[in-house]
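We name chains A, B, ... by the order of the sequence lines, and we start the count at 1 in each one.
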Number of protein chains: 2
Amino acid sequence: MPPDAGEPSIIEPLCAVFRRKLRAEGLKYTPERAQVLATVLEFEGLFDAEAITASVRTSGLRVSKATVYRTVRLLQDAGVIQRVMLDREQALYQVVYGRAPSDLLILLDTGEAIQISVPELAAIRDAVCARHGVLPQGHRFQVFATRNA
Amino acid sequence: MPPDAGEPSIIEPLCAVFRRKLRAEGLKYTPERAQVLATVLEFEGLFDAEAITASVRTSGLRVSKATVYRTVRLLQDAGVIQRVMLDREQALYQVVYGRAPSDLLILLDTGEAIQISVPELAAIRDAVCARHGVLPQGHRFQVFATRNA
DNA sequence: CTTGGTGCAAACATTTTGCAGCACA
DNA sequence: TGTGCTGCAAAATGTTTGCACCAAG
């Protein structure tokens, strides 16, 4: 979650990150890609490809789903968003700006997914890797719960 | 594959669990279902629908993938196996007999997934749920790592 | 015997890819 | 001005479903 109430300003640094990545790969920064990035940054939690497409189109620009999927992959490569597979077979994504915790509390009755922060997990993850002699690259923690029973 | 030190006997209690579940729902215990169950119990880690189909067919019985998918759903409902979505879009499953820890160490370079046990997570999960006023139903912890860099 | 089960193939949903023209660097 | 980008539609996956026949209870 970005700090201040001036939400639009998150866009700038990430835009820079994305453009740098594109340039490094000899790729282009097109209006479609810019709009997908801007759109994606407005989502609070998890979102899927269709949500991106719909939201981008709301802003006047017409993008094809092909372009959305292609851009989503670029955004993943650039480290801007992360893919999260829940139990549906549809891919969901979340922005991983800065060092956002990718831990989730998933409410089984509503399907709602709340982003949570569990700092201890980093240490646990590192300990697990040390024990197995491998290098930690990341982790994912999902808690499943219900409101009622 | 089960070590011969008495492992094959896991089948019996689980078979009982499954049959009970089926009977409770007015469903039938067919050879196909029995063989899918038996096959699934021989996998050590994660497996997908295709692996089940192939393995069942090796044992002489010819099952369609439709039946495999239908049985897999039943096994999930019965609490015998659990679906695990990793980053591929194919569903993977694992047996959750007894109280197997569903925590995983995933090696990014090989794609290998090692089952690990992190007992502290249960407490962390419960604390998270308590803080959000919801009832814990389960959790999932995935550590991503590499062997090299 | 009755009800549910099976295989097959077609249907589905999501994501990927080939192609012809368009636009950014 | 050239390479990469776009939209479209077709292909590729992985999973589900409709149907006619078969078998468990």
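Residue A:Glu50 is out of contact with every strand shown, counting any heavy-atom pair closer than 4.0 Å. Within the nucleic acid shown, B:Arg73 comes within 4.0 Å of sugar-phosphate atoms alone, with no base atom in reach, counting heavy atoms only.
Between B:Asp103 and A:Arg125, no side-chain nitrogen of the basic residue sits less than 4.0 Å from a carboxylate oxygen of the acidic one, so the salt-bridge criterion is not met. Residues B:Glu89 and A:Arg83 are paired through a salt bridge, judged by an N-O separation under 4.0 Å between the basic side chain and the carboxylate.
Within the 3.5 Å criterion, the main-chain N or O of A:Arg147 finds a donor-acceptor partner in the side chain of A:Asp109.
The CZ-C1' distance, from A:Phe18 to C:dC24, rounds to 14 Å in whole Å. For the pair B:Glu89 CD and D:dG14 C1', the interatomic distance rounds to 8 Å; values are reported in whole Å. Separating the NZ atom of B:Lys28 from the P atom of C:dT3 is a distance of 9 Å, rounded to the nearest angstrom. B:Leu92 places its CG atom 17 Å from the P atom of D:dT13, with the value rounded to the nearest Å. Taking atom CD of B:Glu32 as the reference point, atom P of D:dA24 lies 8 Å away to the nearest angstrom. Atom CG of B:Leu22 and atom P of C:dG5 are 9 Å apart (whole Å). Protein atom CZ of A:Arg83 is 10 Å distant from nucleotide atom C1' of C:dT14, rounded to whole Å. The CD1-C1' distance, from B:Ile52 to D:dG14, rounds to 13 Å in whole Å.
Remark on DNA chain D: of its neighbouring residues B:Arg23 and A:Pro31, the 5'-side contact belongs to A:Pro31, judged by nearest-heavy-atom nucleotide.
Between D:dC5 and A:Arg33, a contact under 4.0 Å exists linking OP1 or OP2 to a side-chain N or O. Note on B:Thr30: every side-chain N or O is 4.0 Å or more away from OP1 and OP2 of D:dA23. Put simply, A:Arg88 has no side-chain N or O that comes within less than 4.0 Å of OP1 or OP2 on C:dA13.
In this structure, B:Tyr29 and B:Phe18 have perpendicular ring planes: the angle between them is above 60°, well past the 30° mark.
Distances from the side chain of A:Tyr69 to the nucleotides C:dT14, D:dT6, D:dG14 place C:dT14 closest.
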Please set out all donor-acceptor pairs under 3.5 angstrom arising from side-chain atoms of residues 54-77 of chain A, sequence neighbours excluded.
unit_1	atom_1	unit_2	atom_2	d
A:Arg57	NE	A:Val63	O	3.0
A:Arg57	NH2	A:Val63	O	2.6
A:Thr58	OG1	A:Ala54	O	2.8
A:Ser59	OG	A:Gln35	NE2	3.2
A:Ser59	OG	A:Val56	O	2.6
A:Ser64	OG	A:Thr67	N	3.2
A:Ser64	OG	A:Thr67	OG1	3.3
A:Thr71	OG1	A:Thr67	O	2.8

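DNA chain D lies under 4.0 Å from at least one heavy atom of each of the following residues of residues 59-68 of chain B: B:Lys65, B:Ala66.
Counted within 6.0 Å of CD on A:Glu50, heavy atoms from surrounding residues, nucleotides or ligands total 12 or fewer; the atom is thus considered open.
Under 3.5 Å, the side chain of A:Arg70 and the base of D:dG7 form at least one donor-acceptor pair of N or O atoms.
A heavy-atom distance below 4.5 Å is not found between the side chains of B:Phe47 and B:Leu92.
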